[in-house]
Amino acid sequence: MHSIIDRILIDSDQIQAKCKELGEQISKDYEGKNVLLLGLLKGCIPFMSDLMRHITIPIRVDFMDVSSYHGGTFSTGQVKINKDIDTNIEGVDILIAEDIVDTGRTLDAVIQLLTLRKPNSIKVVTLLDKPAGRKVDLKPDYVGFTIPPVFVLGYGLDYEEYYRNLPYIGVIKEEVLTKKEV
Ligand code: IMP
Ligand code: MG
């Protein structure tokens, strides 16, 4: 375990079992549909790659990289697209794959933006949900684990861009964050 980690919140076996469970559910729910699994970079990478291997129906995949400007009134104009999708999504069933939903602002903006392109549906699968942090009315359709309001890292989630490669979800040591604020 890395020295920055206080404790492991969700271990690798639990994550893998959850990916299987979600993949099987999604395969049932989306049977016969024209599915695009849309990952939000970079946090989605390990989760999306494990999840998609448990999806047994034909799907396409694509990625978006967005930065959201938090603060002020939030609208589609306030999400900066660093990388857009290459797929025409008119009539397509979009399933957005996220690492974690916290305030919900990023997803809210992405959903508003994608809605303008007339997909058939937009749903969200997230590995982690932190409902205590929510600032907009957004409920992910598929949730791996609901977690308390702590800062987590690993399995896609970063602290200052590091630790995304850890195979588990860990809670960061309190002193790392408090030192930072001083
Ligand atoms: P929000 O829902 O718009 O607040 O943004 C969610 C994004 O914030 C996620 O995709 C993560 O990149 C980041 N984030 C939120 N909570 C955490 C955390 O506990 N650890 C690492 N990144 C986080
Ligand atoms: Mg992210």
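For ligands, and for the atoms within them, numbers begin at 1 and follow the listed sequence.
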Peer 1: In terms of the angle between their ring planes, are Y159 and F151 parallel, tilted or perpendicular, with boundaries placed at 30° and 60°?
Peer 2: perpendicular
Peer 1: Does K83 count as lying over the ring of F63, i.e. NZ or CZ under 6.0 Å from the six-ring centre, within 45 degrees of the axis?
Peer 2: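 Not flagged: K83 not positioned over aromatic ring of F63.
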Peer 1: Look only at interatomic distance and state if L153 has a nitrogen or oxygen under 3.5 Å from any nitrogen or oxygen of ligand 1.
Peer 2: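 Looking only at distances, the answer is no, because the N/O contact criterion of under 3.5 Å is not met.
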Peer 1: Which of the numbered atoms in ligand 1 are under 4.0 angstrom from any heavy atom belonging to V150?
Peer 2: 19 (O)
Peer 1: State the atoms of ligand 1, each with its element, that fall below the 4.0 Å cut-off from a heavy-atom position in E98.
Peer 2: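 Heavy-atom distances to E98 below 4.0 Å select 10 (O).
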Peer 1: May I ask you to check if ligand 1 and L157 share an N or O to N or O distance below 3.5 Å?
Peer 2: no
Peer 1: Run R117 and D84 through salt bridge (Lys or Arg N to Asp or Glu O under 4.0 Å) and show every step you take.
Peer 2: CA-CA 12 Å; R117 303 179 187 175; D84 204 342; 2.8 Å; yes
Peer 1: Heavy-atom contact under 4.0 Å between G104 and ligand 1?
Peer 2: yes
Peer 1: Which ligand 1 atoms does D158 reach within 4.0 Å, using its non-hydrogen atoms?
Peer 2: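 This gives 21 (C) as the contact atoms.
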Peer 1: With S121, which residues qualify under side chain to side chain donor-acceptor pair (under 3.5 Å), at least two apart?
Peer 2: D93
Peer 1: Could you name the option among I100, L128, V110, D108 that has the heavy atom nearest to atom 14 (N) of ligand 1?
Peer 2: I100
Peer 1: Can a donor-acceptor pair be found between the side chains of Y155 and D50 at a distance below 3.5 Å?
Peer 2: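 Per modelled atom types, Y155 and D50 side chains form a pair under 3.5 Å.
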